[in-house]
There are 2 protein chains.
Amino acid sequence: MIRYIISIYHDGSMDKHKQPSDWHTKVLAVLRKNSGAVSAYEVLGELRVFNPKIAPPTVYRALNALAERGEVHRLESMNAYVASRSLKHQHAPVLSICDDCGRVEEYLAPQVISALSDITGQTGFTSTRQVIELHGRCISCRDRVTS
Amino acid sequence: MIRYIISIYHDGSMDKHKQPSDWHTKVLAVLRKNSGAVSAYEVLGELRVFNPKIAPPTVYRALNALAERGEVHRLESMNAYVASRSLKHQHAPVLSICDDCGRVEEYLAPQVISALSDITGQTGFTSTRQVIELHGRCISCRDRVTS
DNA sequence: ACCTGTTATGATACGTTATATCATATCTAT
DNA sequence: ATAGATATGATATAACGTATCATAACAGGT
């Protein structure tokens with residue numbers, strides 16, 4: 001759906017402006033509906049319900065912008081995305097991914113980050129981005145299944 | 001062709017171990033020529049020099065097998081691969097990736113792993129695979145460039 | 001209001017990464 | 001030898017991501 005805003009100028013003339021359709025908001029909404037990883041193309045599929053003409057670059061632009069602002073996390077080991085739960089971290093989160101149910105949790109783990117800093121301190125590597133992802137089984141899946 | 005190696009133990013028992021296929025060896029050789037990340041299709045390109053008919057699944061099978069045996073690391077954040085330097089780790093390595101020169105280093109960091117265990121201990125998540133990748137700038141690139 | 005440079009969006013096409021599938025070949029055990 | 005399991009070859013296609021160019025919106029100076 002595309003909505004228009006009518007601008008009326010001093011001289012009485014009018015002008016239609018396409019409202020910047022806020023894909024960012026809609027992409028984020030799709031991710032928030034999910035407790036697990038969602039691929040860019042799954043997002044695309046959902047958004048096509050409203051606008052069949054939306055193309056991959058639109059989704060990727062939104063995802064990248066949201067990721068830069070910390071509102072979504074990219075799951076590097078799955079090529080997928082998840083909405084941030086606790087906004088605005090001081091540092092990179094640890095993400096746990098349940099390979100059974102797909103649920104993703106994020107943890108603030110200063111001790112992990114500081115242990116990583118120790119390494120980089122010793123080696124001279126200057127880190128600008130940290131990817132920390134754990135695969136395994138969440139507690140509910142472990143309890144639920146006989147293993 | 002599959003060849004086997006027979007191990008004979010003190011007690012006289014024997015064990016057969018599958019020997020790596022030719023492709024495994026060749027894929028590994030390509031990765032070892034490089035100090036940085038190599039994509040599966042770059043490997044494919046190099047192997048096509050010897051056998052123009054080699055197809056993607058062959059390369060991916062070799063890469064997956066090598067990764068399972070710890071001989072290569074998959075760089076999840078780059079969709080690429082790198083040869084292990086120190087074989088047979090006790091636990092997942094920390095991989096540092098220089099975004100300038102592409103060089104990848106691997107570190108054993110028990111403190112990082114144990115900090116991660118603390119999290120999983122508290123939350124009940126059982127982790128079977130850890131992905132820990134640092135992006136940034138290595139010390140030589142930092143020294144080399146005016147920043 | 002007009003020009004101008006910058007940034008965002010739309011649209012098309014294509015590039016890159018990875019796997020499903022099925023056929024064939026090889027090994028192991030009996 | 002034959003059967004079951006495993007590995008390999010080959011084709012096709014799925015899934016993920018981006019380059020590029022055109023158009024539109026915006027902000028600042030005049």
Side-chain angles (χ1 to χ4, degrees), chain A residues 1-27 30-31 36-48 50-69 72-82 102, chain B residues 1-7 14-27 30-31 37-48 50-69 72-82:
Chain A
M1 184 192 57
I2 300 176
R3 288 174 310 178
Y4 289 87
I5 294 179
I6 312 285
S7 301
I8 305 180
Y9 297 108
H10 297 144
D11 65 357
S13 72
M14 295 181 359
D15 203 7
K16 275 186 206 169
H17 300 293
K18 207 181 298 177
Q19 192 184 28
S21 37
D22 196 355
W23 290 123
H24 292 200
T25 307
K26 287 174 180 159
V27 165
V30 170
L31 293 180
V38 181
S39 80
Y41 274 73
E42 284 167 350
V43 174
L44 182 61
E46 298 225 23
L47 296 185
R48 288 231 227 248
F50 300 106
N51 180 345
K53 312 221 61 173
I54 185 172
T58 302
V59 174
Y60 280 100
R61 282 170 184 151
L63 287 170
N64 290 337
L66 290 165
E68 263 181 33
R69 292 161 46 198
V72 314
H73 303 301
R74 178 181 157 81
L75 300 170
E76 300 289 350
S77 60
M78 302 182 75
N79 294 338
Y81 303 82
V82 68
Chain B
M1 182 192 63
I2 300 178
R3 287 171 309 179
Y4 288 84
I5 295 178
I6 314 279
S7 301
M14 296 185 351
D15 202 8
K16 281 182 195 169
H17 301 292
K18 210 172 298 171
Q19 194 179 45
S21 84
D22 283 356
W23 287 125
H24 291 199
T25 308
K26 286 175 180 158
V27 165
V30 170
L31 292 180
V38 182
S39 80
Y41 274 73
E42 284 169 350
V43 173
L44 182 61
E46 298 224 23
L47 296 186
R48 288 231 226 249
F50 301 105
N51 179 346
K53 312 222 62 171
I54 185 172
T58 302
V59 174
Y60 280 101
R61 281 169 183 151
L63 288 169
N64 290 336
L66 290 166
E68 263 180 34
R69 292 163 45 198
V72 313
H73 303 300
R74 177 180 156 80
L75 300 170
E76 299 289 349
S77 60
M78 301 182 75
N79 294 338
Y81 302 83
V82 68

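Convention: sequence-line order gives letters A, B, ...; per-chain numbering from 1.
In this structure, CD of A/Glu42 is placed 10 Å from C1' of D/dA15, rounded to the nearest angstrom. Rounded to whole Å, atom C1' of D/dT23 lies 15 Å from atom NZ of A/Lys53. Rounded to whole Å, the distance from CH2 on A/Trp23 to P on C/dT7 is 24 Å. Taking atom CD of B/Glu76 as the reference point, atom C1' of D/dC16 lies 14 Å away to the nearest angstrom. Look at OH on B/Tyr60: it is 13 Å from P on C/dA20, rounded to the nearest Å. Atom CG in B/Leu63 sits about 15 Å away from atom C1' in C/dT16, given to the nearest Å. For B/Ile54 and D/dA10, the CD1 to P distance is 10 Å, given to the nearest whole Å. A straight line from CE of B/Met78 to P of C/dT17 spans 10 Å, rounded to a whole angstrom.
Under 3.5 Å, the side chain of B/Tyr41 and the base of C/dG15 form no donor-acceptor pair of N or O atoms. Judged by distance alone, with hydrogens and angles left aside, A/Arg61 brings no side-chain donor or acceptor close enough to the base of D/dG17 to form a pair under 3.5 Å.
Distance from the side chain of B/His24 is smallest to D/dT8 among C/dT19, D/dT8, D/dT18. Listed nucleotides: D/dT11, D/dA19, C/dA18. Nearest to the side chain of B/Ala40: C/dA18.
Taking the side chain as every heavy atom from C-beta outward, B/Phe50 and B/Asp22 never approach each other to under 4.5 Å. Side-chain contact between A/Leu63 and A/Leu31: present, with at least one pair of heavy atoms (C-beta onward) separated by less than 4.5 Å.
Within the 4.0 Å cut-off from OP1 or OP2 of D/dG17, at least one side-chain nitrogen or oxygen of A/Asn79 is found. The side chain of A/Arg74 places no N or O atom within less than 4.0 Å of a non-bridging phosphate oxygen (OP1 or OP2) of D/dC16. OP1 and OP2 of D/dT8 both lie 4.0 Å or more from every side-chain N or O belonging to B/Thr58.
Residue order along DNA chain D, read from the 5' end via each residue's closest nucleotide, puts B/Pro57 first among B/Pro57 and A/Pro57.
Considering only residues two or more places apart in sequence or on other chains, B/Glu76 meets the side-chain hydrogen bond (donor to acceptor under 3.5 Å, both in side chains) condition with B/Arg74, B/Arg129.
Sorted by first and then second residue, the salt bridge (charged side-chain N to carboxylate O under 4.0 Å, His left out) pairs involving residues 50-67 of chain B (not counting sequence neighbours) form an empty list.
Among A/Val43, A/Val59, A/Thr25, the one residue that satisfies the side chain to side chain contact (heavy atoms under 4.5 Å, CB included) test with A/Val30 is A/Val43.
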